[in-house]
Amino acid sequence: MSSRLIHEDSGRPRQRALLSCLIGLTSFGLISWVSTAISVRNQQQLELRLGDRGRQLSDRLQRELESAVTALQRLSERWEFAATQEGFEPDHIRQAWNRDSQAYIDDFGYFQAIEWADESGIVRWIQPVVGNEAALNLDLSQEPRRAATLRTAQQSDQPIATRSVQLVQGGHGLLIVIPIQTPNQLFGYTVAVFRANPLFDSITRERQDFLFEVWDGEDLVYRSDADEPRSVAQEPAGRVGTSRFPLQSLGDPWALVVRPQPSLITEQASPLPEFVLLAGTILSVTLAVLVYVWRTSTSRSEALTRSEGEQRKAVRVLESLNAELTKRNQELDEFAYIASHDLKTPLRGIDHLAQFVQEDLGDGIPDETKKHLLLMQQRIRQMESLMNDLLAYSRAQRSDGSETAVDLNAQIREICEMIDPPEGIEIRADDTLPIVSTELPPLRLVLLNLITNAVRHHDRSHGWIQVSANIASEGKHLEIIVRDDGPGIAPRHHERVFKMFQTLQPRREGGGSGMGLALVRKTVESRGGTIHLESPGDTRGCVFRVTWPLSETREPVSALPEAHPWG
């Protein structure tokens with residue numbers, strides 16, 4: 001390279017640095033936008049869950065109150081009907097009124113009492129009397145909120161709910177007032193006394209991921225986290241969102257406020273935005289450096305030519321690397337063979353020694369020793385299983401390319417005979433399964449592991465595993481579906497079960513080596529297929545869906561007139 005070219009190249013580092021910084025900043029800005037978008041999406045998902053839960057509880061409260069009000073209206077309508085009879089006196093229906101009132105109190109656990117107040121608003125009857133003595137002969141018109149409710153109920157001839165009141169029996173509550181009147185006369189009011197805590201507990205009784213508060217204007221009437229000193233209004237803004245829903249069944253200004261539990265916020269707080277931002281920062285810096293290096297290399301490559309000797313040297317290095325790679329693959333095969341065969345020999349020897357000890361000691365063997373020998377034999381079998389699975393996993397991606405006609409009915413029948421499922425566990429296959437042209441060993445390995453996994457992890461003495469298959473994507477794929485009615489898998493474990501050495505059942509309780517589903521995924525994906533797990537977690541059963549690429553298919557062959565059970 002001439003001194004002139006070197007001088008020109010050395011005079012342009014500032015331009016290369018500016019270009020590199022521009023590209024790095026642009027990349028960082030894009031990554032920051034993606035990180036922010038992910039955070040916003042997570043927040044939106046939490047807010048959607050918050051809104052859905054609030055609407056569900058508001059609707060549930062609406063239905064609960066409508067049911068209670070309907071019952072109270074029937075009680076008032078029976079009074080109104082009796083009032084139209086000649087010679088009617090209130091005492092004539094008191095016994096029936098007490099009986100019906102007690103029935104409603106028994107049905108609706110949040111009733112404190114059901115009262116009859118005369119036309120002047122004085123409580124004359126009350127059911128039950130015990131525990132509500134303080135309310136008997138109480139003049140409801142003396143308290144502003146109660147008096148306003150009596151007037152509104154009479155004028156509208158409709159059930160009306162009061163604002164929150166301090167019950168004379170103690171605690172917060174509210175009243176539902178229903179006028180008892182004919183077009184010509186007012187006979188008083190049916191007044192239902194609702195206890196706030198039991199009423200709102202009835203709609204939030206199950207374990208929740210959210211916290212709830214019921215407000216009457218500025219008055220806090222109920223809080224599901226009553227033991228926690230802070231209220232919704234005291235939560236810091238920003239990180240914790242709240243949703244407010246008007247309670248139409250109680251009227252304005254009643255409202256339900258919902259906010260997430262701290263545990264839900266922690267669960268929803270994905271580290272993905274921070275990870276994306278960190279990775280993006282590293283990527284941006286790396287990209288800027290690479291651009292700078294690339295521009296420097298490009299600038300200098302215009303003045304330099306690679307010599308023929310360097311090219312030959314590069315070819316020799318590549319050939320050497322290829323030879324080294326071939327050698328390493330051969331060594332890996334040899335290691336897998338040793339792990340599969342030679343390492344099993346001392347394990348079998350230990351197993352035989354344990355059997356000899358059992359035979360030598362006979363019936364005189366202590367229970368503790370017998371237990372230890374049994375554990376030793378179990379660990380030996382687990383170690384052999386693990387070595388077999390590791391060997392299969394290491395060879396899962398290898399293919400000899402040979403295809404044959406595979407009868408799925410015959411394969412499933414042979415697999416069932418091989419694993420010999422426990423009595424009570426039934427393995428079924430559809431009445432028609434296709435014959436396909438594909439590699440038999442890997443497909444058989446997938447079927448064997450899926451069926452074995454379903455049998456091994458079934459938690460009941462009776463159950464079933466259903467195997468079905470069909471040709472999909474215009475003959476390009478075989479879709480295999482394996483269903484069971486086992487305990488199911490929670491969604492948070494769906495990805496974990498496909499990892500190596502991961503099992504949801506402890507190995508000492510019959511769990512496998514944790515390689516089965518990992519081997520299935522590696523085998524399927526190495527052939528260009530997919531595997532998907534479906535299990536909601538709140539109901540029993542799992543569904544594994546496998547798509548297996550095909551080069552050729554044959555007509556389906558009927559196995560039996562109906563689904564055929566094996567096992």
Residues two or more places apart in sequence or in another chain: which of them pass side-chain hydrogen bond (donor to acceptor under 3.5 Å, both in side chains) with [X]?
X	answer
Asp107	none
Arg540	Asp459
Asp59	none
Ser535	none

What distance do [X] atom [atom1] and [Y] atom [atom2] have between them, rounded to the nearest 0.5 Å?
X	Y	atom1	atom2	answer
Ile481	Ser468	CD1	OG	4.0 Å
His477	Leu550	NE2	CG	8.0 Å
Asn470	Leu478	CG	CG	7.5 Å
Cys542	Asp484	SG	CG	5.0 Å
Arg496	Lys499	CZ	NZ	10.5 Å
Asn409	Leu433	CG	CG	4.0 Å

Going through the distances and angles, do Phe498 and Val520 end up as a side chain to side chain contact (heavy atoms under 4.5 Å, CB included)?
-> CA-CA 8 Å; Phe498 289 106; Val520 168; 5.6 Å; no

What residues form a salt bridge (Lys or Arg N to Asp or Glu O under 4.0 Å) with [X], not counting sequence neighbours?
X	answer
Glu414	Arg444
Glu495	Arg521
Glu417	none
Arg55	Asp52

Partner set under side-chain contact (heavy atoms from CB on, under 4.5 Å) for [X], not counting sequence neighbours:
X	answer
Pro536	Asp538, Thr539
Glu534	His532, Val543, Arg545
Thr369	Ile365, Pro366, Leu373
Pro491	His494

For the residue pair [X] and [Y], establish whether any side-chain heavy-atom pair is separated by less than 4.5 Å.
X	Y	answer
Glu479	Trp548	no
Leu450	Val546	yes
Phe200	Leu61	yes
Leu533	Leu517	no
Ile471	Val436	yes
Ile451	Asn453	no
Trp464	Ile427	no
Leu443	Thr523	no

Grab the two heavy atoms, one from [X] and one from [Y], that are nearest each other, plus how far apart they are.
X	Y	result
Val455	Pro422	CG1-CD, 3.7 Å
Gly109	Pro198	O-CB, 4.3 Å
Leu408	Ala469	CD1-CB, 3.8 Å

Residues His458 and Asp485: side-chain donor-acceptor under 3.5 angstrom |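 Their side chains do contain a donor-acceptor pair, which is all the 3.5 Å distance test asks for.
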
Report yes or no: does [X] contribute a side-chain atom to a donor-acceptor pair with the main-chain N or O of [Y] at less than 3.5 Å?
X	Y	answer
Ser320	Arg316	no
Ser67	Glu64	no
Thr547	Gly529	no

